[in-house]
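Indexing begins at 1, ligand by ligand and atom by atom, following the structure's order. Counting from 1, the numbers follow the sequence of the chain as shown.
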Amino acid sequence: MDEPVLKGKHALVTGAGRGIGRACAIALAQAGAAVAIAARSRPELETLAAEIKSLGVRTLVCPCDVTDREQVERMASAAIADFGTLEILVNNAGSAKSVAFLDHPDEIWHQMLAVNLTSTYYVTKAIAPAMVKQRNGRIINVASTASHVGARYVAAYTAAKHGVLGLTRALAVELVGHGITVNAVCPGYVDTPLTQIAVANIAKVTGRSIEEARRMLEQKSPQGRLITAAEVAAAVVFLARDSSFGINGQAINIDGGAVQT
Ligand code: NAD
C-alpha cells in the first residue's frame, strides 16, 4: 500500500472546531499529517481531537482566539515546541456578517477585518519563522469567491477577503526563496454552520422559508448546489503535498464555476 502523502508532516489548522476547518483537519490527518487544531471552543476541539487520534496520527488541542496577537503567539510557540516543527499552516478561521452599507456599524467593519484578515497576518507571522528555519512550508489561506468579486451587504467581509488574497500573493513572492509556498482556496457557498446562519438571516429578512432561502444560495452556483466542506479540504490537502511545490501565489476557486477569474 502507498504511504499516506502527508506522513511525517505537521499541520496547524485555525478555526478547526467546525465547518471547513474541521474538514481540513480530518483530511490532513487522513493523509497522514499530525494536526494541531486551534479555535476558541475547547469542547469542540476535544471531540475533533478524539476523531483525529482514531486515525492513528498525533493531534494537539490549541484553544486560541486568532484575533488576539498574544494568544496567537502563545499558541504558535506551544504547537512548534510540541511537534518540533510545522510544515503546513491552514489559515481558516473566519466569520461573515451581512449588513447594508448605509447602516454599517464601524464595529462590524473592525470585527470582519480582525477575524478574517488580521488573524491571517498574526498566525502567519507567528508560524513563518519556523518554516523559514527548515526551508519548507505550505501556507494555505481559506479566502472566498468574495476575494475576487463584490456582493451586496457584505462590504467588510469582501474587503477583508480581498485582503487575504492580497496577503497571499505578496507572501508567495516574498517567502518563495525559503522553500515556502503560499496559496488561497476560494470557496463559493459551502454547507457549514456559517452558511446555515446566512440562510436563516435571508429567510428572516425576505420572509421566505428556510428551504427557499437555501435554494437562493444554491442557485448562485452553476451546479445549483452548495459546495461541501470535504471538497474544500481536498484542495487544501492537494496544495499541502510536496508535489505541489510549483503552485505558488494561486487562488483556487471551489464554487462550481460561479466565478471564473
Ligand atoms: P464556521 O462558522 O462554520 O466555522 C468557523 C470556525 O472558525 C469555527 O470553528 C469558529 O470557532 C472559528 N473562529 C471564528 N472566529 C474565531 C476566532 N476569533 N478565533 C479562533 N477561531 C475562530 O465557518 P466556515 O463556513 O467553516 O468558514 C471557514 C472559513 O471559510 C472562513 O474563513 C470563511 O470566511 C470561509 N468561507 C466560508 C464559506 C461558506 O460558504 N461557508 C465560503 C467562502 C469562504
Under the ring-ring contact (aromatic ring centres under 6.0 Å, His included) rule, collect the residues that match up with Phe83, sequence neighbours excluded.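 Phe83: ring-ring contact (aromatic ring centres under 6.0 Å, His included) contacts with His10.
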Salt bridge or not between Arg40 and Asp68? Use side-chain N to carboxylate O under 4.0 Å.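 No salt bridge links Arg40 with Asp68.
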SB check Glu218 Arg215 (cutoff 4.0 Å):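 Counted as a salt bridge, because a side-chain N and a carboxylate O are separated by less than 4.0 Å.
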Going from CD1 on Ile180 to CD on Glu87, what distance comes out if it is rounded to the nearest 0.5 angstrom?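 Atom-to-atom, Ile180:CD1 and Glu87:CD are 11.0 Å apart.
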Consider only side-chain N and O atoms of Thr145 and Asp255, and report whether a donor and an acceptor are under 3.5 Å apart.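 The answer is no; no qualifying pair exists.
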Output the set of protein residues with a heavy-atom contact under 4.0 Å to ligand 1, ordered first by chain identifier and then by residue number.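 Around ligand 1, where the cutoff is 4.0 Å for heavy atoms, the contacting residues are Gly15, Gly17, Arg18, Gly19, Ile20, Ala39, Arg40, Cys64, Asp65, Val66, Thr67, Asn92, Ala93, Gly94, Val115, Asn116, Val142, Ala143, Ser144, Tyr157, Lys161, Pro187, Gly188, Tyr189, Val190, Thr192, Pro193, Leu194, Thr195.
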So, for Leu194 and Ser95, which heavy atoms are closest and what is the spacing to 0.1 Å?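 In terms of heavy atoms, the two residues are closest at CD1-CA, 4.2 Å.
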